[in-house]
Amino acid sequence: STAGFACNDGLFVANLKNGKEKNLTYDLDPTIEKISWMDNETLIFSSTKAAHTAIYSTDLKGKLKTLVPPEWVIYDFQLEKNQLFFTASKATKPLQLYQITLGSSLETAKQLTQLNKDLLSKIKTRTEVINYKSEDGTPVQGILTYPIGYDASKNYPLMTIPHGGPDALVKNDFGWMKQFFADQGYVVFQPNFRGSIGYGRDFYAGNRNAFGETDFEDIMSGIDYLIDRGIANEAQLVSGGWSYGGYMANWSITQTNRF
C-alpha cells in the first residue's frame, strides 16, 4: 500500500476485527515489489534498494531481517522450506533462474537455467553504477554502460536515457536499450534522478511540483560529471527516452543547446 502521492510503499497488516492497521516497514522506507507468506507469523518481500533488489522478512510486529542483500536485480521469487528460488539478472548477464539456501551468500547461488547462452559470448560491453552530486549537492546515482573496446584515454559520444515514470528507476541489470547503443559506440548514461523509486521517500518526492527542475538538474549534473571525468565528449551529447523520459528529453532541448 502507498500512503500519499509522494511516499514509498509500506507493508501493512490489518486487524479485521477492529480495523486497525500497522505499517511494518516504515523505518526501512522500502519500494516493495512482491510479498509472500513465509509461515503464519512471518512475511517475506522483495524491495528495490538503489540499483539492485533485496529480499527481507518481517514478523507481524515489524521485526525485519535481511535474507538476500541488494547485490543482484531480482524479479520474482518462491520460497520452499529453506530454499529460495528466484529469477535475476546482472548488467551483462540476461535473466536466469537460481536457487540458494537461506542464509548463504549470493556467490553460492546455483544457476538452474541456461537461457540465451549463445548470446553471452556476444556481450562485450561493461556496466557500472556511478555516484555523483547534483547542482544543489543532492547525491544521485546512475547506470553507465561503456561501448565495446572502451579506451579510457578517449572520450565518447554520450547517449543519455532518462527513465519513464517518473516513479520508476533504472536497475543494474541486463537491458536491450543500453546494450544497443553501447554496441553502436556510445557511452550510455541512465540517471536515477529525483523522483525515482528505490532511494527513499524524500528522494521519491524530490521532483514533486518541480517537474523539469530538480530532475533536469540531476540529469545535467550527471552529464557534466562524465565530461569532467573525460568519459563523454561535450560536442557529442544525445538524449532520448520514452514516457516521462521522452518528456525529459524534449524538455531538455528547450532548456539548453548542448544536445
Practice item. Tell me, please, which residues at least two apart from Asp228 pass salt bridge (charged side-chain N to carboxylate O under 4.0 Å, His left out). Key: none

Review point. Is the closest side-chain heavy-atom distance between Ile130 and Leu226 below 4.5 Å?
Key: yes

Exercise for review: Can you tell me which residue pairs pass the side chain to side chain donor-acceptor pair (under 3.5 Å) test with a partner in residues 50-68, sequence neighbours excluded?
Suggested key: His52-Asn172

Exercise for review: Answer yes or no: does atom CD of Glu135 have more than 12 heavy-atom neighbours from other residues, nucleotides or ligands under 6.0 Å?
Suggested key: no

Review point. Do Tyr75 and Ile100 sit in the same hydrophobic cluster, where Ile, Leu, Val, Met, Phe, Trp and Tyr count as joined when their side-chain heavy atoms come under 4.5 Å apart?
Key: no

Check your understanding: Should Leu237 and Val188 be counted in the same cluster of Ile, Leu, Val, Met, Phe, Trp and Tyr side chains packed under 4.5 Å apart?
Key -> no

Practice item. Give a yes or no on whether the ring-centroid distance for Tyr244 and Phe211 is below 6.0 angstrom. Key: yes

Point to revise | Heavy atoms from other residues, nucleotides or ligands near CH2 of Trp176 exceed 12 (cutoff 6.0 Å) | key: no

Check your understanding: Less than 4.5 Å apart, any side-chain heavy atom of Asp202 and any of Asp29?
Key -> no

Review point. Does the side chain of Ile161 come within less than 4.5 Å of Trp242's, by heavy atoms?
Key: yes

Practice item. Using atom types as modelled and distance alone, determine if a side-chain donor or acceptor of Tyr132 lies under 3.5 Å from a backbone N or O of Asp218. Key: yes

Exercise for review: Mark yes or no: Arg194 above the aromatic ring of Tyr199, with NZ or CZ under 6.0 Å from the six-membered ring centre and no more than 45 degrees from the axis.
Suggested key: no

Check your understanding: Between Thr101 and Gln83, do the side chains contain an N or O donor and an N or O acceptor separated by less than 3.5 Å?
Key -> yes

Review point. Would the number of heavy atoms belonging to other residues, nucleotides or ligands and lying under 6.0 Å from CD of Glu234 be above 12?
Key: no

Practice item. Drop me the distance from Gln179's CD to Lys122's NZ, to the nearest 0.5 angstrom. Key: 13.0 Å

Check your understanding: Is there a donor-acceptor pair under 3.5 Å between the side chain of Asp215 and the backbone N or O of Gly212?
Key -> yes

